[in-house]
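Comments concern the structure below.
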Amino acid sequence: MAILVTGGAGYIGSHTVVELLTAGYEVIVLDNFSNSSPMSLKRVSEITGREFKIYNVSILDRNGLEKVFSENSIHAVIHFAGFKAVGESVEAPLKYYQNNISGTILLCEMMQKYEVKRLVFSSSATVYGVPKVVPISEDSPLSATNPYGRTKLMIEEILEDLFRSDNRWSISILRYFNPIGAHDSGKIGEDPSGIPNNLVPYITKVAVGKLRELKIFGADYPTKDGTGVRDYIHVVDLAMGHLKALEKNFASTGVSTYNLGTGKGYSVLEIVKTFEKMCGEKIPYTITERRPGDVAVCFSDPSKAKKELNWSAKKEIEEMCADSWRWQAKNQEGYDEEENTILAGTGNLRLIQNNGDFLY
Ligand code: WQD
């Protein structure tokens, strides 16, 4: 059963491809590498010992999508491809609406044409906006507070309408809380371009000396130590949640929405202290003003996924920090080093361009 993974070269996508291959699925990756590196897929192949097709295609490329669906017998799609930086979405909303929403519509049109009606969609806890009550359950009020979050909310609505128009669709909507950590091989991990927006990749860059110190955005929140509290979940636990959702999609139709989180909240200072304990690296920091748009506390009630998917997060915060550190310590320039070798023509990565030739 071939599973098409859009955005499969990304942080969560690559970890999910590892678990799909390990579980014996045939995988096809579609990615335009606008926010990821093909190196992650080379590493996925090394970790699993499996080969898989890669299409260097944008979800906005109708002809490229046509080629992927016409050349392969696809049984389901896991859709990660999309822009995901909150701050950038505020500066460039049209780029986000075009890529995330139009891209998803084109993908669903192609799925409809080829009678592929099983979809796992990568959504986000950002659709809850400023939560009034925590822990957050799936029926908590929805109110995105930025264009990125609004694209996720609108796509969720589009998928509900799609099912109402054709009840043969089987759709799982997965709302991620705060994914961190990395595969324990240290071969794949989070590799944000430029200065990281998110806490843990920023901390790991400080730990390897790429950044001078962590700025903690506000220590005057109504929380245990004044710093923001979030539901951090190991990216491998998150990946396993996708396989459970896929199994459900093969068993029944309908649209089901799940929070993928641990149900526990940790503060920024707790993360810093845990990181220092697990990695033996001091993390210098200063307390600065709150970051606009941040909420004080956000963590999930993951009981619905436990009940309906038989899934729950297994890894604790210590393992998340240790795995994040191992990835960063072993790849201080992220995937760049190895990618430059391959692009220099001395590598052996096989990539299928959307016109069928091998890139290199
Ligand atoms: C976590 C905590 C910050 C950086 C974001 C997106 C969300 C989702 C996950 C895509 C907060 C504090 C952070 C720093 C800090 N992404 N912090 N200094 O904001 O909870 O969620 O990523 O779906 O959509 O909004 O994650 O890691 O940015 O922040 O003090 O340099 O760390 O204030 O309390 P966030 P984060």
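Only heavy atoms go into these numbers, but all of them, side chains included; no hydrogens, no water, no symmetry mates. Quick caveat: nothing in here was measured; it's all calculated off a predicted structure. Just so you know, ligand 1 is whichever comes first in the structure, and atom 1 is the first atom listed for that ligand.
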Among N178, V229, L199, which one has a heavy atom closest to atom 26 (O) of ligand 1?
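Among N178, V229, L199, the closest heavy atom to atom 26 (O) of ligand 1 comes from N178.
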What protein heavy atom sits nearest [atom], and how far away is it?
atom	result
atom 20 (O) of ligand 1	R230 NE, 2.6 Å
atom 17 (N) of ligand 1	F217 CD1, 3.7 Å
atom 8 (C) of ligand 1	S124 OG, 4.3 Å
atom 6 (C) of ligand 1	V86 CG2, 3.9 Å
atom 18 (N) of ligand 1	K215 O, 2.8 Å

Will you find, in the side chains of N72 and K53, an N or O donor that is under 3.5 Å from an N or O acceptor?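 Per modelled atom types, N72 and K53 side chains form a pair under 3.5 Å.
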Margin query: Could you check whether D323 and H234, counting side-chain N and O atoms only, form a donor-acceptor pair closer than 3.5 Å?
Written below: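 Yes, D323 and H234 have a side-chain donor paired with an acceptor closer than 3.5 Å.
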Q: With ring pair (Phe, Tyr, Trp, His ring centres under 6.0 Å) as the test, would you mind laying out the steps for Y176 and H242 before giving the verdict?
A: CA-CA 11 Å; Y176 310 156; H242 289 72; 5.3 Å; yes
Residue pair V120 / L174: nearest heavy atoms and the distance that separates them
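For V120 versus L174, the nearest heavy atoms are CG1-CD1, 3.6 Å.
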Of the non-hydrogen atoms in R212 and P284, which two are nearest, and what is the gap between them?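 In this case the closest contact between R212 and P284 is O-CG, 3.4 Å.
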task: Give a yes/no on ligand 1: does Y232 have at least one heavy atom closer than 4.0 angstrom to it?
output: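 Yes, Y232 has heavy atoms under 4.0 Å from ligand 1.
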Exercise. For ligand 1, is there an atom lying under 4.0 Å from some heavy atom of Y148?
Worked result: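 Y148: in contact with ligand 1 (<4.0 Å).
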Between N198 and ligand 1, find which residue part has any heavy-atom pair under 4.0 Å and reply side chain, backbone, both or neither.
->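 For N198, backbone and side-chain atoms both sit under 4.0 Å from ligand 1.
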So for R291 against ligand 1, with non-hydrogen atoms under 4.0 Å, the contacting part is side chain
Using 4.0 Å as the upper bound for N to carboxylate O, is an ion pair formed by [Y] and [X]?
X	Y	result
K117	D166	yes
E138	R175	no
E46	K42	yes

Quick check on contacts: which atoms of ligand 1 are under 4.0 angstrom from a heavy atom of [X]?
X	answer
V268	2 (C), 12 (C), 32 (O), 34 (O)
T126	24 (O)
G228	34 (O)
I216	30 (O)
N197	4 (C), 28 (O)
D294	3 (C), 33 (O)

| Are K264 and F299 in a cation-pi contact, defined as NZ or CZ under 6.0 Å from the six-membered ring centre and within 45° of the axis? |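 Geometry flag: not set, cation outside 6.0 Å or 45°.
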### Task
Measure from NZ or CZ of R43 to the centre of the six-membered ring of Y335 and say whether it is under 6.0 Å with the direction within 45° of the ring axis.
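Judged by the rule (NZ or CZ under 6.0 Å from the ring centre, within 45° of its axis), R43 is not positioned above Y335.
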Next item on the list: Consider every N or O of V200 and every N or O of ligand 1, then say whether any pair is closer than 3.5 Å.
Entry: no
- Is there a side-chain contact between Y128 and V134 (heavy atoms, below 4.5 Å)?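 In short, these two side chains do not touch, never coming nearer than 4.5 Å.
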